[in-house]
There are 2 protein chains.
Amino acid sequence: MSVEFDQILLVPGYRKVATAITERILSRELREGERLPPETELARQFGVNRSTVREALRELQSGGLLERRPGSKLMTVSRPQHRAIAKDVSRALALHDVTFFEVWEALTQLEPPIAEIATRNRTAVDLASISAACEQFAQRSTETEKAVHHAAEFFRCVGRATHNQVLALAQEPLLDLLEPSLRVLIDRIPQARARIAGAQHRIHEAIAKRDVEAARGWMVKHIRDFRKGYELADIALDCRIG
Amino acid sequence: MSVEFDQILLVPGYRKVATAITERILSRELREGERLPPETELARQFGVNRSTVREALRELQSGGLLERRPGSKLMTVSRPQHRAIAKDVSRALALHDVTFFEVWEALTQLEPPIAEIATRNRTAVDLASISAACEQFAQRSTETEKAVHHAAEFFRCVGRATHNQVLALAQEPLLDLLEPSLRVLIDRIPQARARIAGAQHRIHEAIAKRDVEAARGWMVKHIRDFRKGYELADIALDCRIG
DNA sequence: GATGGCCTGATTGTCGGACAATCATACGAT
DNA sequence: ATCGTATGATTGTCCGACAATCAGGCCATC
């Protein structure tokens with residue numbers, strides 16, 4: 001057993017084409033919004049069949065590196081949108097049987113710092129969108145579906161106000177995963193709507209006044225409230241999501 | 001302008017097939033490891049051509065929902081692996097011109113809590129893997145490439161020790177993004193190796209002793225050190241990564 | 001000048017059929 | 001029991017084809 005050989009791997013053509021185009025995009029040779037040559041032309045350049053090119057394109061398309069502007073045929077290079085990426089992450093976590101508790105624990109660690117940084121970095125525009133999100137929730141919270149959506153939207157606005165893409169993107173999957181349980185919670189505990197609205201109001205106020213400590217403090221309470229709600233609504237914390 | 005029509009959207013066949021299979025997987029009708037029928041059979045069932053099925057499969061494959069065990073032809077259902085998902089996230093962030101500062105700021109907020117929770121939840125096995133990661137770094141840090149890899153691996157071990165998948169996955173993209181700058185840093189600042197090794201040692205010790213405060217404290221210092229290193233190495237913090 | 005109709009070429013979505021290479025399996029020879 | 005071999009199934013890739021849609025130019029009408 002002195003001689004050992006590396007595993008020989010044969011990469012199919014559609015994969016080679018996909019990585020070739022991906023590299024061009026990552027190296028910024030192909031920039032956002034630029035139009036990709038038509039399939040027949042790509043097939044000619046790569047020296048493969050159009051079917052092979054198409055399989056490669058589907059790969060890039062689902063990765064968000066290519067998109068088609070609505071009502072157009074040509075593919076254009078695009079940067080993966082945060083929401084789309086977050087969807088993939090939350091889907092993966094759901095398939096890995098992530099529990100309510102894990103999501104809540106992550107929110108506990110992530111949201112207070114986000115509130116703090118948002119308070120420092122928010123612009124007037126950010127504040128306006130946070131304010132609008134508060135009002136939307138307060139007005140539309142009678143419908144469960146709308147309420148859940150606007151509760152998450154509030155977090156998104158605060159996240160954007162940090163002006164830190166990494167933090168904003170990190171919280172997105174958590175909001176996706178929070179949604180289903182939040183739906184149950186809001187349905188079972190009527191007073192939850194008022195509590196959430198109150199917390200949003202206080203956080204908004206603190207961010208408006210640039211009161212870092214208050215913003216963090218109210219956010220801590222806000223997140224803690226979710227857990228209390230779970231217990232009141234009789235949702236098992238170690239139950240998997242989805 | 002009283003009448004308005006919704007945008008009419010026509011979904012191509014390969015997309016319909018893809019979502020159909022995706023739904024089966026998400027609803028757990030198709031479980032992990034289960035083998036997908038061959039392409040011809042899928043084409044028959046869906047009533048479309050094999051080419052159409054293949055395009056759909058590429059989509060699911062790149063999303064990590066399907067994979068082919070090496071040396072096998074049939075597709076099997078798989079749950080997206082954390083590392084693969086993290087790669088997509090870090091790629092997206094890189095394309096969105098995320099800066100060193102944003103990554104560092106996120107690490108500042110995320111890693112101390114992770115250290116804290118890991119200290120509480122770690123098992124003997126976790127501790128052993130953290131210990132091994134420390135030693136690997138200490139021994140292999142002469143080669144820049146290995147050093148960078150093992151520095152990230154240390155964080156991964158701590159992340160796993162939290163036994164919280166959400167937190168562990170959240171930090172993965174940050175480590176990916178940290179790598180290139182860490183490579184420059186370690187190359188330019190020779191003494192960085194020793195500082196990192198020292199911090200790892202102290203954090204490991206604290207986690208071993210279940211000293212939550214110490215673990216958090218040393219992690220804070222560890223992360224802060226990265227920033228100092230950037231400044232010493234003359235890396236602009238607001239420079240984009242990639 | 002703006003609007004709408006019409007034509008033409010380019011492009012995509014989908015189809016059918018084809019074939020070599022590889023995998024899975026069973027069978028038989030040593 | 002181990003090793004060849006034959007056979008069928010499956011994938012990767014190719015070719016050619018056609019309808020539907022898109023982009024753009026040209027022209028008539030108002």
Side-chain angles (χ1 to χ4, degrees), chain A residues 1 3 5-22 24-25 30 33-78, chain B residues 1-22 24-25 30 33-78:
Chain A
M1 279 294 280
V3 191
F5 291 100
D6 289 341
Q7 189 168 3
I8 177 172
L9 51 93
L10 22 137
V11 182
Y14 58 81
R15 176 142 285 286
K16 284 184 188 169
V17 172
T19 57
I21 300 179
T22 301
R24 288 289 186 95
I25 296 177
L30 287 171
E34 205 162 331
R35 292 197 301 189
L36 209 64
E39 296 171 353
T40 47
E41 172 62 15
L42 288 173
R44 195 190 59 75
Q45 289 185 26
F46 285 109
V48 298
N49 192 272
R50 190 162 79 98
S51 308
T52 306
V53 170
R54 282 180 65 82
E55 292 187 35
L57 292 185
R58 292 297 90 75
E59 206 164 292
L60 299 190
Q61 202 174 14
S62 86
L65 289 179
L66 294 179
E67 69 173 3
R68 216 190 310 276
R69 296 283 157 77
S72 171
K73 275 187 182 303
L74 288 180
M75 289 280 204
T76 61
V77 177
S78 71
Chain B
M1 280 293 283
S2 66
V3 191
E4 280 228 12
F5 291 101
D6 289 339
Q7 189 168 3
I8 177 171
L9 51 93
L10 22 137
V11 182
Y14 57 81
R15 176 142 286 285
K16 283 184 186 167
V17 172
T19 57
I21 300 179
T22 301
R24 287 289 185 95
I25 296 177
L30 288 171
E34 205 162 333
R35 293 197 299 188
L36 209 65
E39 296 170 353
T40 47
E41 172 63 15
L42 288 174
R44 196 192 57 76
Q45 289 185 27
F46 284 110
V48 299
N49 192 273
R50 190 162 78 97
S51 309
T52 306
V53 170
R54 283 178 64 82
E55 292 188 34
L57 293 184
R58 292 297 90 76
E59 205 165 292
L60 299 191
Q61 202 174 14
S62 87
L65 289 179
L66 294 179
E67 68 173 1
R68 216 190 309 278
R69 297 282 155 78
S72 171
K73 276 187 183 298
L74 288 179
M75 289 281 204
T76 60
V77 177
S78 71

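In what follows, every chain begins at residue 1, and chains take the letters A, B, ... in the order their sequences are listed.
- With sequence neighbours left out, B:Val77 forms a side-chain contact (heavy atoms from CB on, under 4.5 Å) with B:Ile25, B:Leu30, B:Leu66.
- For the salt bridge (charged side-chain N to carboxylate O under 4.0 Å, His left out) test, residues two or more places apart in sequence or in another chain that qualify with A:Glu39 are A:Arg50, A:Arg54.
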Under a 4.0 Å heavy-atom criterion, the protein footprint on nucleotides 10-18 of chain D, written with B, S and -, is BBBBSB-B-

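- In this structure, A:Arg58 contributes its side chain and B:Glu55 its backbone to no donor-acceptor pair below 3.5 Å.
- Here the side chain of B:Thr76 pairs a donor or acceptor atom with the backbone of B:Glu67 at under 3.5 angstrom.
- The closest side-chain heavy-atom distance from B:Leu57 to B:Leu36 is below 4.5 Å.
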